[in-house]
Amino acid sequence: MPVPRAWAGHRTYGGRALLAPRTLEALARLVTSGEPVRAVGSRHSFNDLVDSDGALVTLTHLEREPVLAVAPDGAATVTVSAGTTYGRLGPWLHERGYALAALASLPHISVVGAVTTATHGSGDAIRTLAGAVVGLELLTAQGDVRALHRGDPDFAGAVVALGGLGLVLTVTLAVEPTYEVAQTVRDDVALDGVLAHLDAVFAGATSVSVFTRWDGRAAVWRKQRTDADPGTAARDLGDRTALVDLSGLGGRDADGPRHPLPDGDPVACTPQLGEPGPWFARLPHFRLEFTPSAGAELQSEYLLPREAAADAIRAAAPVLAEARDLVLVSELRSMAADDLWLSGAYGRDTVGLHTTWRQDSRVPGVLPRLEEALAPYAPRPHWGKLFADPDPAGLAASYPRWADQVDLFLRYDPDGVFAGPLLRRVGLRP
């Protein structure tokens with residue numbers, strides 16, 4: 001097959017061809033052939049993370065039906081293969097009475113791709129999508145299938161591994177009983193007020209997104225589980241919980257459906273106006289049957305330590321305001337700390353500063369200035385988004401287990417079959 005283009009259409013992946021093995025044996029022959037190999041999923045990366053000096057491979061022809069398992073103590077998991085998307089998995093789980101704790105903005109993305117890059121949803125008590133993983137199967141550079149489970153010594157370095165340990169064949173996720181979510185939007189909230197009371201704003205619902213175009217205003221999207229009270233699983237806010245209704249920050253409740261982009265058609269978005277519905281049809285911003293966001297766009301995201309997030313966003317605001325003609329919208333979201341070595345939320349509660357940009361050649365020139373403004377606040381770039389070429393030593397310093405991750409890559413893949421240009425450029429591979 002010809003080499004594919006990225007989901008947003010802005011680039012063609014590297015690699016000589018896209019291969020689609022139909023058996024595990026054929027896949028094993030490919031990875032042991034001596035040629036570099038990288039896996040392509042739903043193609044929702046904006047950089048060269050999945051590029052290869054050799055072959056690209058899709059695992060869609062190895063697709064298997066999800067497997068639900070319920071232990072005697074009631075704990076449940078689901079095992080999915082590499083090509084499974086959240087849009088397929090969500091309804092499948094719901095029909096069987098189960099749910100995931102979190103979803104990203106898009107149901108269109110693949111589970112494995114989201115996990116291996118620590119992609120996230122939003123919620124003070126909710127970890128990245130990788131945080132749901134309790135096990136995975138890898139096809140290694142030696143052609144062997146290796147299973148890893150939470151508690152194994154290598155597990156925390158294998159979940160968010162950027163495809164560098166091997167081809168992920170399956171992941172096993174923790175699930176819970178299904179639930180409903182109601183979504184509401186408040187328009188024209190004062191951005192300064194949001195930043196002054198960021199903890200209280202994020203505590204206002206199970207999942208909260210703050211959208212802004214750096215004009216002093218923000219829209220606050222709140223997704224609340226109907227089986228939980230607002231703030232019950234949030235951070236300890238003391239008397240600041242009085243602000244969770246946003247009434248002290250101005251604005252008004254939306255009188256109709258909204259789209260995150262000012263000129264976007266809300267028909268593409270999941271139902272709002274407080275109408276309860278299944279978790280998989282409310283936690284994402286966009287419906288599966290529509291093109292998400294703008295389609296032709298670029299994206300960047302920086303993961304910031306929670307305690308410094310407001311100051312970091314204030315520092316970034318002048319850069320983003322100056323580039324407003326390139327910014328479609330920026331989104332702020334929170335996530336709980338995890339223990340996965342290359343996760344943007346490793347060891348710290350986190351706030352993401354995500355920007356959707358116009359597809360314009362000037363955008364890469366803005367990123368170094370944005371990163372310079374954020375530098376005092378220990379940002380970590382989202383691995384699947386655009387970011388400036390980093391100083392490898394500086395990037396390594398922001399991940400406490402970086403050296404362990406480098407050693408893990410060398411141990412599993414000493415010849416660099418799965419290395420790829422991005423892993424080399426950031427210093428994770430020689």
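Any value given below was found using the heavy atoms of this structure, including those in side chains, with hydrogens, waters and symmetry copies removed. Starting from 1, each residue takes its place in the sequence as its number.
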Any side-chain to backbone donor/acceptor pair from [X] onto [Y]? Under 3.5 Å, distance only.
X      : Y      : result
Asp391 : Gly394 : yes
Thr32  : Ala28  : yes
Arg213 : Val329 : no
Ser207 : Ser122 : yes
Arg429 : Phe409 : yes
Gln272 : Pro257 : no
Glu331 : Ser209 : no
Thr212 : Trp214 : yes
Trp7   : His108 : no
Glu371 : Ala388 : yes

Checklist entry - Does anything in residues 21-34 pair up under salt bridge (charged side-chain N to carboxylate O under 4.0 Å, His left out), and if so which pairs, sequence neighbours excluded? => result none
Checklist entry - Do you know which of Arg127, Arg306, Met335 makes side-chain contact (heavy atoms from CB on, under 4.5 Å) with Asp349? => result Arg306
Next on the checklist: Out of the candidates Val40, Leu18, Leu27, Leu62, only one should pair with Val57 under the side-chain contact (heavy atoms from CB on, under 4.5 Å) rule; please name it.
Outcome noted: Leu27
Checklist entry - Hey, is Asp360 close enough to Arg362 for a salt bridge, meaning N to O under 4.0 Å? => result yes
Next on the checklist: Using a strict threshold of under 4.0 Å (side-chain N to carboxylate O), is an ion pair present between Arg424 and Asp53?
Outcome noted: yes
Between [X] and [Y], is any pair of side-chain heavy atoms under 4.5 Å apart?
X      : Y      : answer
Val363 : Arg358 : no
Arg38  : Leu423 : yes
Arg16  : Glu35  : yes
Arg96  : Val78  : no
Pro379 : Phe387 : no
Tyr302 : Ile313 : no
Pro414 : Gln142 : yes
Asp413 : Leu165 : no

To the nearest 0.5 Å, what is the distance between [atom1] ([X]) and [atom2] ([Y])?
X      : Y      : atom1 : atom2 : value
Leu386 : Phe46  : CG    : CZ    : 7.5 Å
Leu56  : Thr58  : CG    : OG1   : 10.0 Å
His354 : Lys385 : NE2   : NZ    : 4.0 Å
Leu59  : Leu19  : CG    : CG    : 11.0 Å
Asp154 : Leu408 : CG    : CG    : 5.0 Å
His10  : Trp357 : NE2   : CH2   : 14.0 Å

Contact summary for [X] and [Y], nearest pair of heavy atoms:
X      : Y      : value
Ala8   : Glu297 : CB-O, 3.4 Å
Ala130 : Val160 : CB-CG2, 3.7 Å
Ala336 : Ala125 : CB-C, 4.1 Å
Pro271 : Arg287 : CG-NH2, 3.9 Å
Ile109 : Leu106 : CG1-O, 3.5 Å
Pro107 : Pro284 : CD-CB, 3.9 Å

Next on the checklist: Between Leu288 and Tyr86, does the side chain to side chain contact (heavy atoms under 4.5 Å, CB included) criterion hold? Intermediate values first, please.
Outcome noted: CA-CA 9 Å; Leu288 179 64; Tyr86 285 99; over 6 Å; no
Checklist entry - Does the pair Asp51 and Arg11 meet the rule for a salt bridge (charged side-chain N to carboxylate O under 4.0 Å, His left out), with working shown? => result CA-CA 11 Å; Asp51 282 6; Arg11 65 187 307 273; 2.8 Å; yes
Checklist entry - Passes side chain to side chain contact (heavy atoms under 4.5 Å, CB included), Leu195 versus Leu332? Steps please. => result CA-CA 10 Å; Leu195 296 180; Leu332 312 179; 4.2 Å; yes
Checklist entry - For atom CD of Glu176, is the number of surrounding heavy atoms from other residues, nucleotides or ligands below 6.0 Å larger than 12? => result yes
Checklist entry - So Arg282 and Glu180, salt bridge (charged side-chain N to carboxylate O under 4.0 Å, His left out) or not? Walk me through it. => result CA-CA 8 Å; Arg282 294 297 184 277; Glu180 289 197 331; over 6 Å; no
Item to check | Audit row: Arg150, Asp339, salt bridge (charged side-chain N to carboxylate O under 4.0 Å, His left out) steps and yes/no | outcome: CA-CA 11 Å; Arg150 180 164 285 281; Asp339 63 350; 3.2 Å; yes
Checklist entry - Which one of Arg258, Arg222, Lys223 satisfies the side chain to side chain donor-acceptor pair (under 3.5 Å) criterion with Gln183? => result Lys223
Next on the checklist: Before you tell me yes or no, could you show the steps for Thr350 and Arg380 under side chain to side chain contact (heavy atoms under 4.5 Å, CB included), namely the whole-Å CA-CA distance, both residues' side-chain angles and the distance that decides it to 0.1 Å?
Outcome noted: CA-CA 10 Å; Thr350 296; Arg380 296 169 178 166; 5.5 Å; no
Checklist entry - For the residue pair Tyr179 and Trp279, does the interplanar ring angle fall in the parallel (under 30°), tilted (30 to 60°) or perpendicular (over 60°) class? => result tilted
Checklist entry - With under 30° as parallel and over 60° as perpendicular, where do the rings of Trp402 and Tyr399 fit, or are they tilted in between? => result tilted
Next on the checklist: What verdict does the salt bridge (charged side-chain N to carboxylate O under 4.0 Å, His left out) test give for Arg225 and Asp227, after you've listed the backbone C-alpha separation in whole Å, the side-chain angles of each residue and the deciding distance to 0.1 Å?
Outcome noted: CA-CA 5 Å; Arg225 287 180 63 147; Asp227 62 349; 3.0 Å; yes
Checklist entry - Going through the checks in order, is the side-chain hydrogen bond (donor to acceptor under 3.5 Å, both in side chains) test met by Tyr412 and Arg146? => result CA-CA 10 Å; Tyr412 274 64; Arg146 182 174 299 191; 3.3 Å; yes
Next on the checklist: Evaluate Leu422 against Trp383 for side chain to side chain contact (heavy atoms under 4.5 Å, CB included), listing each step before the verdict.
Outcome noted: CA-CA 9 Å; Leu422 187 140; Trp383 294 112; 4.2 Å; yes
